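Input: a single structure, listed below in structure tokens.
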Amino acid sequence: MKKIKLATVWLDGCSGCHMSFLDTDERILGLLEHVEIVYSPLVDIKTFPENVDITLIEGSVSTNEDVVKIKKVRAHTKTLVALGDCAVTGNVPAMRNPFGVEATIDRAYFHLVQHNPLTPSEYLPRLLDKVVPVHDVVKVDFHVPGCPPPADTIYYALTELVRGRMPDIKLMTRFGK
Amino acid sequence: MTEIQSVQIITLTIDGKPVGASGGETILDVAKQNQVFIPTLCHLEGLIPYGACRLCLVEIKGNNKLVPACITKVAEGMEVITNNERLQRFRRWILELLFTERNHVCSVCVANGFCELQSLAEVLGMDHVRLPYLHPKFVVDATHDRFVSDNNRCILCGRCVRVCSDIEGAHTLDIMGRGIKARIVSDLDDDWGNSPTCTRCSKCVQVCPTGAIKEKGRRSVGEKFKHRDVIAHLAEMREAAREED
Amino acid sequence: MVTLDHLSDIRRKVSEAEEQRNHRIHVCVAAGCIAAGSRKLLRAFQEEITSRGLNDSCLVKGVGCIGPCAGSPAVAIEPEGIVYCSVKPEDVPEIMDSLAKQPVARLQMSRDLPFFTRQKKIVLENSGRIDPEQIDDYIAAKGYHALYKVISTMSPAEVISEVIKSGLRGRGGAGYPTGLKWTTVAKTGQQQKYVVCNADEGDPGAFMDRSVLESDPHRVLEGMAIAGYAVGANKGYIYIRAEYPLAYERLRKAIKQAEEYTFLGQSIMGTTYGFHVELRLGAGAYVCGEETALIASIEGGRGTPRPRPPYPAERGLFGKSTLINNVETYANISSIIRNGGDWFASIGTQNSKGTKVFALAGNVKNVGLIEVPMGETLREIIYEIGGGMEGQNKLKAVQTGGPTGGCIPESELDTPVDYESLASLGSIMGSGGMVVIDDSVSIVDIARYFMEFSVSESCGKCVPCRVGTTQMHELHAKINRGEGTKRDLELLEELCEVVKHTSLCGLGQSAPNPVLSTLRFFRSEYEAQLTDHEVLAAEGVAK
Amino acid sequence: MQRLSNLPDPPNSDEKWKGVQLVMRKHGQSPHALIETLHAVQHAFGYLDRDSLTYVSDALGVPLSKVYGVATFYQYFTLKKPGTHNCVVCTGTACYIKGVPKLVEALKERYGMALDEVSADGSLTLQSACCIGTCGLAPIASVDGEELGRLSAEELLDKLEEVIHGDA
């Protein structure tokens with residue numbers, strides 16, 4: 001049987017959702033019998049491949065780089081899963097939204113810096129005016145809220161998706177869990 | 001509330017199931033007695049019904065308008081529908097609207113795990129919001145030595161205002177402004193810490209469904225356990241005292 | 001004890017005074033004409049008459065709205081019935097010269113125009129004829145005769161049955177049968193009851209109630225006193241907008257005069273029936289047109305509505321049984337009593353009886369206040385009475401029912417104006433605003449304008465209205481900027497449905513109407529503005 | 001029954017408080033008279049400041065937060081000292097389609113402020129009214145109480161310059 005191509009992408013998030021994914025522990029080995037991880041911060045592949053079956057996205061869309069990345073991911077993914085509150089709601093990264101980019105940079109790069117405060121280099125990705133959830137930029141097929149979503153929930157959702165079914169994760173996770 | 005005619009027995013159906021009730025009871029009362037779940041946010045046992053969150057809207061056969069279960073009294077022969085595709089859809093929308101209105105970041109909220117808004121999203125399967133977040137900016141009032149008021153987490157259910165004015169009798173809190181700009185204030189929008197009217201009774205903390213009003217000294221996330229049932233007891237005591245007068 | 005003779009005496013006196021004069025010059029002193037300078041004009045006429053020594057043969061008086069507001073200030077010459085528009089003080093000598101001769105053609109608006117001939121005046125029968133600040137003028141026009149008839153010859157039940165027979169429905173918008181409402185209040189066994197007049201005319205583009213109150217305030221007081229008698233109330237409140245200082249002032253004077261004449265007060269016309277009226281000033285909140293919000297506001301609180309039932313008839317003002325009708329509803333009562341319910345029921349359509357006052361405004365030639373029998377078509381109103389479009393542009397839509405009403409397209413203009421027909425088009429009768437919109441105006445922008453109104457007027461109590469209107473406005477603005485997607489349009493439509501069905505009061509429930517009705521009739525205008533992107537990034541992301 | 005208790009002393013010796021007290025007495029100092037009283041205060045002093053609100057709360061026995069909730073609910077009440085001159089622009093439907101947006105734009109360009117704001121120098125308040133009810137004269141604005149109909153942006157700006165500089 002052909003293996004399902006799975007990718008995981010890390011945008012603006014704390015990596016906690018990836019950690020939770022790893023918390024599926026030995027079950028991941030079982031999963032790998034049906035699944036091939038074709039792109040992920042967990043593996044060493046530099047470019048996002050084509051024809052990916054399932055992509056898990058952790059993190060919100062916060063920079064112009066995130067926008068480019070997520071659009072490419074969407075274009076090459078059949079089922080896009082927003083994994084965790086940052087991807088689903090904006091969560092902590094979006095807490096800067098009421099204050100605006102300027103105040104955020106000011107705070108992070110000047111106020112809270114003791115030595116040599118510096119404006120971030122122009123080569124760094126540029127912050128968007130507002131941090132937004134993934135589905136505000138591209139179509140998302142399935143949402144798994146949680147901060148992070150429990151490993152069991154991720155595992156269940158993934159096994160269902162791998163079997164070509166839409167999982168029902170009601171009561172298995174919640175915002176902030 | 002006690003009513004003279006409450007001996008009257010009424011039969012009605014809830015979701016097709018025949019149930020009995022006494023006159024004067026609300027649809028919500030009767031649904032609860034019969035283990036039928038109707039979501040609510042602004043309602044709290046012991047407080048005067050408010051009818052504002054619209055989550056408890058139900059259908060009544062023969063009435064083309066939806067009615068709030070928390071206020072509508074049962075009537076003989078009433079056929080109530082508490083749950084169907086349309087009501088589920090409306091409830092999910094209302095939750096989504098609430099989540100977009102303010103800055104509800106469950107993961108860093110003191111009420112994480114004890115929040116009625118959060119738990120309704122879970123129970124009703126609201127897994128993401130389709131509309132843009134409005135991200136307003138509200139100043140957190142931490143001037144009080146015991147409590148903190150954070151309008152960023154407020155859903156304007158009015159419970160704190162009602163408990164403060166109707167149960168405690170202090171009426172320190174009220175809603176100012178209107179529409180999307182409405183928010184909770186203490187006195188003349190002053191620092192809560194300097195309030196000449198606040199009795200420090202902490203009832204507002206107990207009734208707040210979210211993390212908008214919290215007790216100080218709880219350092220991390222998800223530690224805000226509340227004693228909401230106290231209010232119904234207090235209301236009953238008050239009512240009894242009033243009758244004795 | 002006031003008797004019919006007293007009233008007849010006053011009538012005789014007034015008509016004698018009028019008949020002595022060959023010419024009576026009526027200058028409109030309603031707010032619109034005052035803003036256009038009619039007080040100066042009134043003074044100019046007075047001075048001209050005095051300087052010509054014509055005080056014995058000419059009478060000049062300020063009257064209420066004559067009707068053609070586009071031609072403010074308006075002047076009428078009686079008994080000839082000549083109407084002059086846009087009159088300036090400089091025109092006064094010329095008009096004075098023309099008395100008893102050929103009218104001044106360049107200022108004249110022909111009385112043969114459909115604007116005048118096609119109207120049927122009940123509520124406005126005295127508007128533009130009597131001096132609103134003179135109670136005698138009102139009495140001379142059979143004013144307070146109905147009140148006299150009621151308290152001297154009719155039982156409360158008979159009064160109500162006459163109102164039921166008339167088929168009158170609430171003119172505030174919803175069209176609830178007035179007689180039924182009165183019956184409910186009359187039947188409650190409560191001791192203390194109140195009669196409230198809703199004069200919180202908040203619909204932008206609507207000035208019917210303002211005009212009635214400024215032109216014929218006693219008419220409303222009489223209607224309220226009759227209502228009080230019928231339902232068993234001894235106290236009435238008029239809740240009036242702060243934006244209408246002139247109407248407030250005229251009402252205040254009218255109450256004082258009526259009290260002096262014992263038409264209001266402890267013992268009306270010497271009988272045991274007492275009825276007091278107090279004024280309450282609104283403070284700028286559209287939602288207070290909703291009856292439970294209005295009650296909260298009269299009680300001195302935030303004007304937020306509460307769920308009904310209990311209806312105000314059961315538990316209203318200060319917790320007591322309360323009858324609430326709007327200005328125009330009360331203004332119909334005296335005519336119904338004087339002429340009989342059957343007479344009233346003979347006017348109008350099967351389900352909508354009598355006449356309706358409309359404030360015709362926008363891109364129409366004869367902007368003004370009109371009264372027509374129910375059942376006239378929109379086309380007749382706009383093209384005949386209204387004189388058609390102002391300027392070269394074509395009619396695109398007519399907006400009825402105020403900011404929470406709907407936009408009706410050209411193709412539906414043959415719809416008769418009655419409660420049910422307008423509702424079937426996704427609009428409402430509302431209180432009677434009718435704004436004609438020409439094709440130079442973007443319909444999407446108009447809907448956005450109305451949404452903005454709903455956002456700023458939402459009281460904020462219930463979630464769907466407070467947040468829903470804001471989100472509708474955001475989605476709408478996004479589409480209007482050309483950034484909306486097909487998905488956004490779907491979301492907008494679904495959100496409209498949610499707000500409509502789940503909001504607490506009428507404001508929220510009808511707030512989506514402008515969007516829904518424009519989507520229904522002008523969908524292509526929305527679609528033309530959509531972008532092709534499947535999901536467009538939120539603001540700031542696309543840049 | 002009317003409460004005949006004495007009214008507390010007003011916040012200052014301004015004679016205008018007498019008028020406010022008269023209104024409160026007329027309504028038997030009832031909490032229900034809150035809005036009428038606030039009208040009287042604003043009529044007398046042009047706006048509702050903290051001292052006035054506190055006094056009204058005290059005199060009528062209405063909680064401070066409720067007074068504040070009511071004062072901020074209604075558009076007509078203002079808690080900020082208004083400008084010396086005021087300009088009310090009608091934003092009703094008829095005015096809107098007949099060009100009020102252009103007036104608002106012109107005002108914004110000239111004075112750098114939006115509706116419902118007071119100019120930095122305190123010379124002018126711009127207000128909006130959702131309909132003055134004189135739609136026959138649309139677009140309409142009033143300057144210091146004088147209603148001006150069928151108004152162009154230039155006419156409005158000229159008029160405002162006239163009244164503002166008339167003071168100088």
Side-chain angles (χ1 to χ4, degrees), chain C residues 30-36 68-72 201-207 209-211 241-244 247 280-286 288 297-304 318 359-363 367-369 399 402-403 433 435-438 440-441 446 449-450 453 456-457 459-460, chain D residues 23 26-27 30-40 42-43 48 56 60 62 66-78 88 90-101 115-116 127-138 140-142 145-151:
Chain C
C33 284
I34 287 180
C69 305
S72 314
E201 181 176 58
D203 289 6
F207 48 92
D209 295 349
R210 174 186 67 73
S211 203
R241 294 181 80 195
E243 287 87 341
Y244 290 174
R280 283 291 181 275
L281 205 51
Y286 178 73
C288 289
S297 188
I298 295 184
E299 290 173 352
R302 291 164 59 83
T304 51
F318 307 124
L360 203 51
N363 305 120
V367 168
L369 196 70
Q399 208 276 337
V435 183
V436 178
I437 296 166
D438 74 23
S440 69
V441 179
I446 280 289
Y449 162 80
F450 287 124
F453 179 87
S456 73
E457 294 299 336
C459 82
Chain D
V23 169
K26 197 181 117 197
H27 293 285
S30 157
H32 296 310
L34 177 58
I35 291 175
E36 294 286 303
T37 308
L38 293 178
H39 269 301
Q42 185 159 313
H43 185 71
L48 308 169
V56 171
L60 296 178
V62 178
K66 185 171 178 189
V67 172
Y68 197 77
V70 168
T72 54
F73 183 85
Y74 296 97
Q75 204 197 349
Y76 195 81
F77 294 132
T78 169
V88 183
C90 177
T91 55
T93 319
C95 289
Y96 183 78
I97 65 172
K98 288 210 170 175
V100 151
L115 293 183
D116 299 312
Q127 280 175 285
S128 62
C130 81
C131 184
I132 306 180
T134 48
C135 309
L137 300 171
I140 194 162
S142 85
E146 185 189 344
E147 280 185 16
L148 308 162
R150 301 189 194 101
L151 201 58

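Numbered from 1 within each chain, the chains take letters A, B, ... in sequence-line order. In this text the structure is predicted, and so the values were computed from the model without any measurement.
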Where do [X] and [Y] come nearest, in terms of heavy atoms and distance?
| X | Y | answer |
| --- | --- | --- |
| C:Gly433 | C:Ala206 | CA-CB, 4.0 Å |
| D:Cys90 | D:Val100 | O-CG2, 3.1 Å |
| D:Leu115 | D:Gln127 | CD2-O, 3.8 Å |
| D:Ser128 | D:Asp116 | OG-OD2, 3.1 Å |
| C:Gly202 | C:Phe453 | O-CZ, 4.1 Å |
| C:Gly71 | D:Arg150 | N-NH2, 4.3 Å |

Contacting moiety of [X], where chain D heavy atoms sit under 4.5 Å:
| X | answer |
| --- | --- |
| C:Asp203 | backbone |
| C:Tyr286 | neither |
| C:Cys459 | both |
| C:Arg302 | both |
| C:Ser297 | both |
| C:Leu369 | neither |
| C:Glu457 | side chain |
| C:Arg280 | both |

Hey, which of [options] has the most heavy atom pairs under 4.5 Å with chain D?
| options | value |
| --- | --- |
| C:Glu201, C:Glu243, C:Arg241 | C:Arg241 |
| C:Ala242, C:Ala31, C:Ala36, C:Ala285 | C:Ala242 |
| C:Cys33, C:Cys69, C:Gly300 | C:Gly300 |

Greatest number of heavy atom pairs closer than 4.5 Å to chain C - which of D:Glu36, D:Lys66, D:Glu147: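 Ranked by contacts with chain C, first place is D:Glu36.
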Among D:Ile140, D:Val88, D:Leu148, D:Val70, which residue has the highest count of heavy-atom pairs closer than 4.5 Å to chain C?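 The option with the most such pairs is D:Val70.
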What distance do D:Leu151 atom CG and D:Leu137 atom CG have between them, rounded to the nearest 0.5 Å?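 Output value for this atom pair is 10.5 Å.
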Derivation of the side chain to side chain contact (heavy atoms under 4.5 Å, CB included) call for C:Val367 and C:Leu360: CA-CA 5 Å; C:Val367 168; C:Leu360 203 51; 5.9 Å; no
Under the rule for side chain to side chain contact (heavy atoms under 4.5 Å, CB included), what residues qualify as partners of D:Phe77, not counting sequence neighbours?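 C:Ala283, D:Ile35, D:Leu38, D:His39, D:Gln42, D:Leu48, D:Tyr74.
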